[in-house]
Amino acid sequence: MTDFDLRGKIPATPIVEISGKEYMTDTKGALVPVETIKSQDLLMDEVVGKVFRHAKDLSAQIARFKEHTFADIADFQGLLEQEYGARAGGAKGNLTLTSFDGLEKVTVQVADRIDFGPELQVAKKLVDECLIEWSAEGRAELRSIVNRAFAVDQAGKIKQAELFSILRLEIEDERWQRAMKAIRDSIRVLGTKEYVRFYERTSPEAPWRPVSLDIAAL
């Protein structure tokens, strides 16, 4: 029998009362009497619930902050456009705003969301043919670069930065050139995504330091 007192606690798993007896649903969907659940399991459930509620609140707060931030920047761009007849920002919408004292900076970056079509598999086959033929020439370093370029991450997605890195390699082989063309032709632009980043510094001569909104970086 558990000795964990649930009074005043808000568990992550809802408590169901049936005929005056309290139950909690386990991972298999079965109702388990609270009195039979181990104290440490109830404590863990309570801790998860407490932390998760804070996380949800913070997530909602960040979402509102992001919405307000882009709205404020859009209002500023609208004022400039009204004043000068042109919208502030680069060709793709990139924008940098700096405080009057030069100690705070906000940047907006617009990046393409891309995916790759079936041409990428053709490119991989051509590249593999090149590597097989070149293996006798001892290009182990090139093979390592190529393997990283066509590898996928944990989500099963191609690592774009690694793939684009081989496009910069200057190799004259005709098959390699066809492979690079296939990679370029495989690129599909699905849309764009806006990113806003914040930087600060202690003086106009000091380097910029990012203001992190990433919990893992704090």
Side-chain angles (χ1 to χ4, degrees), residues 52 55-78 81 86-97 105-135 139-199 208 210-218:
F52 206 83
K56 293 281 284 186
D57 291 343
L58 181 58
S59 177
Q61 185 178 348
I62 291 176
R64 292 192 298 271
F65 166 72
K66 180 180 178 181
E67 181 180 348
H68 290 315
T69 297
F70 280 117
D72 289 341
I73 292 173
D75 288 344
F76 174 70
Q77 288 179 299
E81 187 173 8
R87 194 165 183 80
K92 293 189 66 174
N94 296 332
L95 180 69
T96 297
L97 305 175
K105 178 172 69 173
V106 179
T107 66
V108 176
Q109 294 175 304
V110 181
D112 290 332
R113 294 189 296 109
I114 67 174
D115 200 357
F116 300 94
E119 297 89 345
L120 191 63
Q121 300 306 316
V122 176
K124 180 64 165 62
K125 182 180 178 184
L126 290 169
V127 168
D128 284 342
E129 289 178 4
C130 291
L131 292 176
I132 291 172
E133 184 175 312
W134 297 341
S135 61
R139 298 197 181 187
E141 182 179 349
L142 177 59
R143 180 178 293 277
S144 176
I145 293 173
V146 169
N147 287 340
R148 290 200 308 271
F150 286 95
V152 295
D153 59 19
Q154 292 181 344
K157 297 290 187 180
I158 286 288
K159 299 178 181 179
Q160 297 176 12
E162 298 281 2
L163 183 63
F164 291 155
S165 68
I166 71 172
L167 291 173
R168 295 191 291 270
L169 298 177
E170 296 182 4
I171 298 176
E172 298 300 327
D173 189 289
E174 185 268 340
R175 284 170 304 175
W176 182 272
Q177 293 298 321
R178 281 192 286 131
M180 297 305 101
K181 182 179 185 303
I183 291 176
R184 294 186 181 95
D185 291 344
S186 74
I187 298 173
R188 307 284 194 270
V189 178
L190 304 179
T192 59
K193 185 175 180 62
E194 285 186 308
Y195 298 89
V196 60
R197 294 182 173 88
F198 305 88
Y199 302 88
W208 290 107
V211 177
S212 179
L213 298 178
D214 179 3
I215 191 171
L218 297 175

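Nearest heavy atoms, Ala123 versus Ala179: CB-O, 3.4 Å. Residues Ile73 and Leu97 share a closest heavy-atom pair of CG1-CD1, 4.1 Å. The nearest pair of heavy atoms linking Pro118 to Arg188 is CD-NH2, 3.8 Å. Scanning both residues, Phe150 and Ile158, for their nearest heavy atoms gives O-CD1, 3.5 Å.
Considering CZ of Arg113 and OG1 of Thr192, their distance stands at 7.5 Å, rounded to 0.5 Å. For the atom pair CD1 of Ile62 and CG of Leu213, the computed distance is 6.5 Å after rounding to the nearest 0.5 Å. Remark: Leu120 CG to Arg184 CZ distance equals 13.0 Å, nearest 0.5 Å. Distance check, rounded to the nearest 0.5 Å: CG of Asp112 to NZ of Lys193 gives 13.0 Å. Note that the CD atom of Gln121 and the NZ atom of Lys124 stand 8.5 Å from one another [nearest 0.5 Å]. The distance from the CE atom of Met180 to the CD1 atom of Ile166 is 4.0 Å, given to the nearest 0.5 Å.
Counting heavy-atom neighbours within 6.0 Å of Lys181 NZ, excluding the residue itself, gives a total of 12 or less. The local environment of CZ in Phe52 is sparse, with at most 12 non-hydrogen atoms from other residues, nucleotides or ligands closer than 6.0 Å.
Classified by interplanar angle (parallel below 30°, tilted 30° to 60°, perpendicular above 60°), the ring pair Trp208/Tyr199 is perpendicular.
Within the 4.5 Å cutoff, no side-chain heavy atoms of Tyr195 are placed close to those of Val108. No side-chain heavy atom of Ile132 sits less than 4.5 Å from a side-chain heavy atom of Glu129.
Remark: the backbone N or O of Lys56 is not paired with any side-chain donor or acceptor of Ser59 at under 3.5 angstrom. Judged by distance alone, with hydrogens and angles left aside, the side-chain atoms of Gln177 form a donor-acceptor pair with the main-chain N or O of Ile171 at under 3.5 Å. At least one donor-acceptor pair under 3.5 Å links the side chain of Asp173 to the backbone N or O of Arg175.
Not counting sequence neighbours, Lys125 has no partner by the side-chain hydrogen bond (donor to acceptor under 3.5 Å, both in side chains) test. Contacts of Arg178 classified as side-chain hydrogen bond (donor to acceptor under 3.5 Å, both in side chains), with partners at least two apart in sequence or in another chain: Glu174.
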